[in-house]
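In this text, all values refer to a predicted model and were calculated from it rather than measured experimentally.
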Amino acid sequence: MFKKIEKESFYYGSTVVLMTTKDVQSKADNITVISSTWTLDKTIVVGLGLDNKGFLNLKVGSEATFNVANGNIWEKIERVAKTTGNSEIPTYKRKAGYKYCSDKFSLGGFTKIRGEEVQTVRIKECPIQIETIITDIAIRDSFAIIESKIKGILVDEQILYDDSHIDVNKWDPLIYKFREYISANQSLGTNFRFQEFKK
Ligand SMILES: Cc1cc2nc3c(=O)[nH]c(=O)nc-3n(C[C@H](O)[C@H](O)[C@H](O)COP(=O)(O)O)c2cc1C
């Protein structure tokens, strides 16, 4: 038997990504924790709340880096989770206990690395970093769908088998499942087009 349910948010299980953007005026770097992302070919698509500092930065800037989180940094992420880089905190967020934070790198203990293809910084603690240029912003009621062209993918050598293949045993993407952080590193099998390295 199946039961029809109603839910305001529906986080059935997606990868946690730390989006870095830059304030074009102050040059301050911001981190926006997101999980609504997908990639196809050279494009990454993300869903962003309209009052997030990350979105405000993207509206006037054109670059973003998507730092894909490994399971071992979930506590750092949770440390910045209840903050926003937007100094004008919307009422619903204030009620939920969100605080303004001008430097989430210090708060979470994240290390900045200079961007290679774009100005937005990379996060050292994230083994996969995707540098992008925004190509389209579609506004919906309370969120925007951002389409971004992938300009560069940087991968920590520690999870590489060779120059172009990931050692999948060493990559443990952090999953957000109904607001719980989950490690995804249990192999059930591989797809018929599997192309990476696996012992
Ligand atoms: C694990 C996790 C996933 C999240 N996913 C999203 C998301 O996909 N899109 C979004 O707009 N906010 C998402 N949020 C909420 C934002 O991180 C939150 O609104 C934050 O204050 C935004 O930061 P900013 O205002 O500095 O950009 C997520 C939060 C967490 C902890």
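In this structure, N169 contributes its side chain and K199 its backbone to a donor-acceptor pair below 3.5 Å. Proximity of a side-chain donor or acceptor of H165 to a complementary backbone N or O of Q195 within less than 3.5 Å is detected. Side-chain atoms of E147 do not come within 3.5 Å of backbone N or O of T43 as any donor-acceptor pair. A donor-acceptor pair under 3.5 Å is absent between the side-chain atoms of S35 and the main chain of V16, judged by distance alone. K27 contributes a side-chain N or O that, together with a main-chain N or O of V24, makes up a donor-acceptor pair within less than 3.5 Å. Proximity of a side-chain donor or acceptor of K99 to a complementary backbone N or O of T83 within less than 3.5 Å is not detected.
Side-chain contact check for K177 versus S14: every heavy-atom pair is 4.5 Å or farther apart. When side chains are defined from C-beta on, V118 counts as touching T65, because their heavy atoms get closer than 4.5 Å. Using a 4.5 Å heavy-atom cutoff, the side chains of R140 and I145 are in contact. Counting heavy atoms from C-beta on, the side chains of W38 and T15 never come closer than 4.5 Å. At least one side-chain heavy atom of E131 sits less than 4.5 Å from a side-chain heavy atom of R122. With contacts defined as side-chain heavy-atom distances shorter than 4.5 Å, the pair F110/I73 qualifies. Looking only at side-chain heavy atoms (C-beta outward), F10 and F178 come within less than 4.5 Å of each other. Two residues are said to be in side-chain contact when any heavy atoms from C-beta on lie closer than 4.5 Å; W171 and I128 meet this criterion.
A donor and an acceptor atom, one from each side chain of E78 and Y181, are located under 3.5 Å apart. Side chains of N52 and K93: a donor on one and an acceptor on the other come within 3.5 Å. Using a 3.5 Å distance cut-off with no hydrogens or angles, the side chains of E63 and T132 do not pair a donor with an acceptor.
With K170 as reference, I159 is the one residue of I159, D156, N70 to meet the side-chain contact (heavy atoms from CB on, under 4.5 Å) rule.
Ion pair K53/D23 flagged as a salt bridge, since at least one NZ, NE, NH1 or NH2 atom sits closer than 4.0 Å to an Asp/Glu carboxylate oxygen.
Rounding to the nearest 0.5 Å places OG of S148 at 9.0 Å from CD1 of I137.
Across all their heavy atoms, V121 and N67 have their closest contact at O-ND2, 4.2 Å. Between I89 and Y98, the closest heavy-atom pair is CD1-O, 3.9 Å.
In this view, D29 and K22, K112 satisfy the salt bridge (Lys or Arg N to Asp or Glu O under 4.0 Å) rule, not counting sequence neighbours.
A single hydrophobic cluster is not seen to contain both M19 and I31; linkage of ILVMFWY side chains at heavy-atom distances under 4.5 Å, directly or through other members, places them apart.
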